[in-house]
Every structure is written in C-alpha cells, then in structure tokens.
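What follows is a single structure, written as structure tokens, with notes after it.
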Amino acid sequence: MTPRVEAPELHGEVGWLNTDSPLRLRDLRGKIVLLDFWTYCCINCLHVFADLKRLEKKYRDVLVVIGIHSAKFNAEKDPEGLRAAVLRHEIEHPVANDAEMAIWSTYGVRGWPTLALIDPEGNLIGGVSGEGHFDLLDHLIAHEVEQATARESLDRRPRSFRRERALPAILAFPGKLCAGTEPARLFVADTNHHRVLEVEPAGRVVAAYGCGVAGFVDGPSVDACFRQPQGLALRDGTLFVADAGNHALRAVDLGGATVRTVAGTGKQGRGPLSRGKATKVALNSPWDLAVVGGRLFVAMAGAHQICVLHLREKTIEAHAGDGREEIVDGPLAEASFAQPSGLALGDGCLFVADAEVSGIRAVDLDPQGFVSTVVGEGLFEFGDRDGRGAMVRLQHPLGCVWHDGRLWVADTYNHKLKVVDPAERTVTTVAGDGRPGSEDGRRARFHEPAGVAVLGNILYIADTNNHAIRTYDPATGEVATLRLTGLPA
C-alpha cells in the first residue's frame with residue numbers, strides 16, 4: 001500500500017465564517033476532515049452542497065467538513081459577499097476565505113469544485129474534482145471509519161461550531177422578478193423563503209405562492225412547496241417558476257391559486273439535456289425563463305444550455321448549446337454557453353446573461369438559427385469597463401430585461417445596473433458605483449443584484465444581498481427602495 005503523506009496545514013486565509021477562531025488540521029486530529037474547495041459563482045460547487053449535507057449528517061460524530069473558498073471573481077473575495085453566500089446556501093460548516101488562493105496553491109488545486117479527504121492522523125487519503133461524487137466519498141469515509149477504529153485513532157466526541165445568522169426580513173435573497181399588466185403586478189422570487197410573492201407596484205403584497213418551507217409538493221398554493229425558486233415568466237394567467245433547487249419547472253394558476261409541476265423529476269440531471277416528455281426528463285438547475293407563444297425558454301444553468309418546453313406538446317428539448325462550459329458562437333446546436341442565468345426577449349431574439357463568461361449572448365428563436373455574442377470574451381475575462389465591443393467587461397451578470405429598445409442588465413458582481421445597445425455593442429452604467437451598499441438616490445449602491453423587470457416605465461431590481469426590491473426611474477436617474485407591506489418579517 002502506498003504510504004500516505006501528511007496533509008498541508010491550513011495557512012494563508014484572510015478570514016473565517018461559521019467558527020469563532022481559525023481552524024488548523026493539527027487541532028482536528030482524530031476526525032476525518034473533508035476540504036471543499038469552491039467559489040460561490042460556480043453552479044457545480046453549489047450542487048456539491050447537497051452531498052456535503054448528506055455526508056455531514058451520516059458521519060456527524062467523526063467527520064468535519066471545511067469549506068475553502070478560493071474565489072474566481074474579484075467580488076467573491078469580499079468578506080461580506082462571502083458571508084451572504086454562506087447564508088444564502090445555508091452552509092453550516094466552517095468556511096475559510098482563501099481570497100489569495102494560498103491554501104488552493106498549497107494543495108495544488110486546479111479547478112472548482114475539488115474535494116480533499118484527510119484521515120484522523122492528518123494524512124491525505126485522496127481527492128476528487130467536479131460534482132456527483134457522493135457514492136465515492138461515502139465509500140472512502142466508511143472505509144476510513146473502519147480502518148481508523150481498528151487503529152484506535154478515531155475521536156467520536158462531537159465538534160460544534162458557531163454559525164452565521166441572518167436577521168429576519170420580509171424577503172430572503174430575492175433572485176428573479178417578472179412583471180404583468182391587467183392588473184399591474186410584480187412577481188418576486190423570494191428565493192430563500194421558498195415562495196413567490198405577487199406585489200402591487202406600490203409595494204403591497206397581495207398573494208404568496210408556496211408555504212415557505214423548502215420541498216417539492218404540488219397542490220393549493222398555501223400547501224405547495226418550492227426550493228429556492230428563481231426565474232419567473234407570465235402567460236395567460238399562469239406564472240411559470242424555475243424551481244432551481246428542485247431542478248423543476250412549476251406552473252402557478254393565478255386564478256385558482258394552485259401549483260403543478262410541468263417539467264423535471266425533482267432530481268438533478270447530468271450532461272446535456274435529453275429530449276422527452278417534460279415531466280420525465282431530469283433538469284439541471286433551471287435559472288430563468290422567457291415565454292413566447294407556446295414555447296417556454298429555459299436558461300439551464302447547470303447544463304450550460306438554453307432549453308425549450310413546448311407547452312402544448314408537454315415535451316422539452318435543447319434549443320441552443322452543446323453542453324460545454326465555454327463561449328462559442330455559431331449554429332444553435334454547435335454553440336456553447338457558460339452557466340446561462342438570465343433571459344430577456346427583445347428585438348426578435350432571446351438575450352442571455354451568460355454569467356461565467358461575463359457576457360451577453362443573442363439567440364435566434366428559429367430552430368435553424370444562430371448564437372452570437374454581444375459582449376463577453378471568455379471564462380476569465382471579466383471586470384468593470386463600459387464601452388464598445390471587445391473592450392467591455394462585465395462581472396458575472398445574472399439578470400436582464402428588454403425595455404425601450406435596449407437591454408438592461410443586472411451586472412451582479414459589479415453591483416450595478418447597466419444598459420446595453422446590442423446593435424452598437426455598447427455598454428453604459430446607469431446606476432451603482434461598483435461598491436456594495438444599499439444607498440438610494442442618484443448615487444445609489446446595490447449588493448449583487450440578480451434580477452430586473454419593467455413595469456410601466458420603472459425598472460425593478462432584485463437586490464439580492466440587501467433582501468430588497470429597488471426601483472430605477474430612467475427619466476430621473478433616481479433609485480429607491482420599494483417598501484413591501486402586507487407580510488410580516
């Protein structure tokens with residue numbers, strides 16, 4: 001048997017979350033330790049959390065999971081941004097802010113997510129990259145428990161750590177928005193409250209869909225359950241919901257206040273989407289929606305594709321994207337996206353906020369059409385630069401909406417609202433100074449806005465980390481915070 005080598009000590013982090021003091025491997029002798037190298041922009045990293053929770057529960061007396069957050073984007077290095085991500089994804093284990101990638105480099109990590117397993121004596125058992133490795137990790141941990149028990153090196157005394165706590169608010173990390181007329185309504189994905197709210201333009205909540213507890217249950221809206229819903233689209237009295245945490249598409253009958261599943265099995269799919277009966281096909285993190293006639297387009301973030309649900313036929317298939325995480329233009333089936341997260345219909349095509357390449361893409365609606373890039377250069381080409389064409393830099397945009405002949409973009413990690421002219425390929429900042437905050441007025445600040453919608457001539461922004469809905473008036477340049485009434489915090 002190949003002798004194990006001692007795991008490098010954890011040094012070089014700039015802070016910790018979910019613990020009162022820094023953790024060192026030498027202080028965890030007797031425990032099996034699982035290091036999770038992640039970055040909070042990465043959809044694959046988010047998928048790993050479910051596996052980690054299962055392992056933590058199963059091996060609660062012998063396993064300690066430590067998140068090593070080695071940021072891809074500049075904004076992710078910010079301690080408050082990381083704290084918000086830890087709360088948003090309900091992470092209970094300690095997390096090191098490896099902003100300078102010191103621990104990443106020491107362990108020789110090459111990509112997100114990567115997991116490293118350490119035995120009770122402090123030696124490396126092995127590592128694995130990517131998602132979907134629960135069975136392998138479960139086997140390795142179970143084997144190590146058996147071996148360490150025989151060596152009498154296992155410490156079964158419980159370890160507990162302080163958790164970050166959020167203050168209660170009416171909204172919890174709202175993700176996406178959509179607007180409807182007759183009557184004028186704003187629909188809000190109250191993501192971490194696992195529900196959707198129907199709101200009047202002035203802020204009065206008139207209805208809530210979903211019981212507020214995470215789950216996957218159809219039926220009357222007061223009993224139905226969602227799990228971290230995101231994108232919304234409205235058609236003929238039906239509100240479609242991208243139920244991201246359940247890897248499903250749901251439909252809310254606004255007249256009857258009932259919820260039903262229209263696509264997905266509740267389990268995460270792997271690889272490119274397969275065509276089939278919608279409720280029999282496993283989806284992979286549907287993040288935003290746009291409806292055109294009898295077609296519901298889906299930004300399938302986890303599969304890196306734009307998919308289409310045919311509402312009459314009740315079938316689903318890929319519309320664009322080959323499933324590779326990249327930025328490639330061309331015919332629909334040959335193009336590549338990188339975690340598409342926002343959709344907007346305008347100017348006869350579908351615009352996509354392609355988050356991981358910090359780009360805006362344009363997708364033809366015709367099945368024989370093409371994909372083109374408005375702005376965006378690559379997976380590691382990001383920043384905050386207005387201008388034209390190749391010189392433009394965004395940072396992980398998540399939301400967009402078409403209004404007044406232009407595309408309005410929630411440039412999420414730059415904490416800004418920007419406007420894009422697709423024909424000229426120009427980008428201009430209209431609100432936000434690039435620093436996280438919650439100030440109103442003409443010198444406004446946001447904190448990772450993720451969704452945007454238009455009602456009348458006013459833009460509504462889901463200001464995710466501020467747990468708020470903000471408004472922007474293009475005529476005055478003023479930003480205000482929408483005061484929600486009708487629901488308790």
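Treat the numbers as computed from the prediction; the structure is a model and nothing was measured.
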Between Lys77 and Glu100, is a salt bridge (Lys or Arg N to Asp or Glu O under 4.0 Å) present by the stated rule, with each step listed? CA-CA 8 Å; Lys77 299 178 182 181; Glu100 304 305 321; 5.3 Å; no
Pairs in or reaching into residues 154-174: which pass ring-ring contact (aromatic ring centres under 6.0 Å, His included), with residues at least two apart or in two chains? Phe173-His467
Ion pair present between Arg29 and Glu121, side-chain N to carboxylate O less than 4.0 angstrom? no
Find the distance between CD1 (Ile68) and OG1 (Thr39) and round it off to the nearest 0.5 Å. 13.0 Å
Without hydrogens or angle criteria, can the side chains of Gln228 and His194 be said to hold a donor-acceptor pair below 3.5 Å? no
Less than 4.0 angstrom from a charged side-chain N to a carboxylate O is my criterion; do Glu381 and Arg393 meet it? yes
Could you go through the side chain to side chain donor-acceptor pair (under 3.5 Å) check for Arg204 and Thr485 one step at a time? CA-CA 5 Å; Arg204 188 175 75 90; Thr485 60; over 6 Å; no
Which residues pass the ring pair (Phe, Tyr, Trp, His ring centres under 6.0 Å) test with His139, sequence neighbours left out? none
Once ring pair (Phe, Tyr, Trp, His ring centres under 6.0 Å) is applied, do any residues pair with Tyr460, and if so which ones, sequence neighbours excluded? none
Does the plane of the ring in Phe49 sit parallel, tilted or perpendicular to the ring in His89? Use 30° and 60° as the thresholds. tilted
Under the salt bridge (Lys or Arg N to Asp or Glu O under 4.0 Å) rule, what pairs show up with a residue in residues 131-150, not counting sequence neighbours? Arg4-Glu144, Lys58-Asp138, Glu131-Arg270, Glu144-Arg151
How many angstroms lie between atom CD1 of Ile360 and atom CZ of Phe351, to the nearest 0.5 angstrom? 9.0 Å
Asp411 vs Lys416, salt bridge (Lys or Arg N to Asp or Glu O under 4.0 Å): CA-CA, chis, key distance, verdict: CA-CA 5 Å; Asp411 191 5; Lys416 288 184 174 183; over 6 Å; no
Heavy atoms from other residues, nucleotides or ligands near CZ of Arg483 exceed 12 (cutoff 6.0 Å): no
I would like to know whether Asn123 and Val5 meet side-chain contact (heavy atoms from CB on, under 4.5 Å); could you show each step before the answer? CA-CA 5 Å; Asn123 302 308; Val5 299; over 6 Å; no
Between Asn466 and Arg445, is the side chain to side chain donor-acceptor pair (under 3.5 Å) condition met? List the steps. CA-CA 10 Å; Asn466 281 323; Arg445 286 182 179 170; over 6 Å; no
Using 4.0 Å as the upper bound for N to carboxylate O, is an ion pair formed by Arg250 and Asp218? yes
What's the separation between atom CG in Asp473 and atom CZ in Arg442, rounded to the nearest 0.5 Å? 10.0 Å
Does Arg443 come within less than 4.0 Å of Asp433, counting only side-chain N to carboxylate O? no
Listing request: all side-chain hydrogen bond (donor to acceptor under 3.5 Å, both in side chains) pairs with a residue in residues 107-116, at least two apart in sequence or in separate chains. Thr114-Ser129
Under a 3.5 Å distance rule, please check whether Asp463 uses its side chain to pair with a backbone N or O of His447 as donor and acceptor. yes
Name of the residue among Leu283, Leu273, Leu289 meeting side-chain contact (heavy atoms from CB on, under 4.5 Å) with Val298: Leu289
Residues forming a ring pair (Phe, Tyr, Trp, His ring centres under 6.0 Å) with Phe240, sequence neighbours excluded: none
Apply side-chain contact (heavy atoms from CB on, under 4.5 Å) to Asp61 and list each qualifying residue two or more places apart in sequence or on a separate chain. Arg156
With Asn18 via side-chain contact (heavy atoms from CB on, under 4.5 Å) - residues at least two apart: Val86, Ile91, Arg163, Glu164
Check: Lys176 main-chain N/O paired with Asp288 side-chain donor or acceptor under 3.5 Å: no
How many angstroms lie between CG in Leu154 and CD in Gln147, if you round to the nearest 0.5 Å? 11.5 Å
Side chains of Gln268 and His47: is there a donor and an acceptor less than 3.5 Å apart? yes
State, with a plain yes or no, whether a side-chain heavy atom of Leu249 is found less than 4.5 Å away from one of Thr261. no
Which label fits His69 and Trp38: parallel for a plane angle under 30°, tilted from 30 to 60°, or perpendicular past 60°? perpendicular
Just do the ring-ring contact (aromatic ring centres under 6.0 Å, His included) check on His304 and Phe337 with the steps written out, would you? CA-CA 5 Å; His304 310 295; Phe337 299 87; 9.5 Å; no
Under-4.0 Å salt bridge between Glu478 and Arg470: no
How far apart are the C-alpha atoms of Ile32 and Tyr59, what are their side-chain angles, what is the distance that settles it, and do they pass the side-chain contact (heavy atoms from CB on, under 4.5 Å) test? CA-CA 9 Å; Ile32 299 169; Tyr59 299 102; over 6 Å; no
Tell me whether Asp386 is salt-bridged to Lys418, with the criterion being a basic N under 4.0 Å from an acidic carboxylate O. yes
Knowing that exactly one of Asp36, Leu137, Leu63 qualifies, which makes a side-chain contact (heavy atoms from CB on, under 4.5 Å) with Leu52? Asp36
Can Val409 and Cys400 be said to form a side-chain contact (heavy atoms from CB on, under 4.5 Å), step by step? CA-CA 4 Å; Val409 176; Cys400 54; 4.2 Å; yes
Exercise: do Thr412 and Glu448 side chains pair donor with acceptor under 3.5 Å: no
Test of understanding: with ring pair (Phe, Tyr, Trp, His ring centres under 6.0 Å), list the residues that count as partners of Trp287, not counting sequence neighbours. none
Set out, in order, the CA-CA distance, both residues' side-chain angles and the distance that settles salt bridge (Lys or Arg N to Asp or Glu O under 4.0 Å) for Glu13 and Arg24, then state yes or no. CA-CA 11 Å; Glu13 77 283 359; Arg24 299 292 175 245; 2.9 Å; yes
From Ile43 CD1 over to Cys41 SG, what is the distance, rounded to the nearest 0.5 angstrom? 10.0 Å
Salt bridge (Lys or Arg N to Asp or Glu O under 4.0 Å) involving Asp354 - partner list, sequence neighbours excluded: Arg361
Under the side-chain contact (heavy atoms from CB on, under 4.5 Å) test, which residues partner Val454, sequence neighbours left out? Val401, His403, Leu459
Heavy-atom distance under 4.5 Å between the side chains of Asp78 and Leu82, does that happen here? no
Would Glu356 and Lys72 count as a side-chain contact (heavy atoms from CB on, under 4.5 Å) here? Give the steps. CA-CA 10 Å; Glu356 279 297 288; Lys72 171 186 174 179; 3.0 Å; yes
How far does NE2 of His93 sit from CG of Leu35, to the nearest 0.5 angstrom? 10.0 Å
What pairs with Ala282 under side-chain contact (heavy atoms from CB on, under 4.5 Å), at least two apart in sequence or on another chain? Thr265
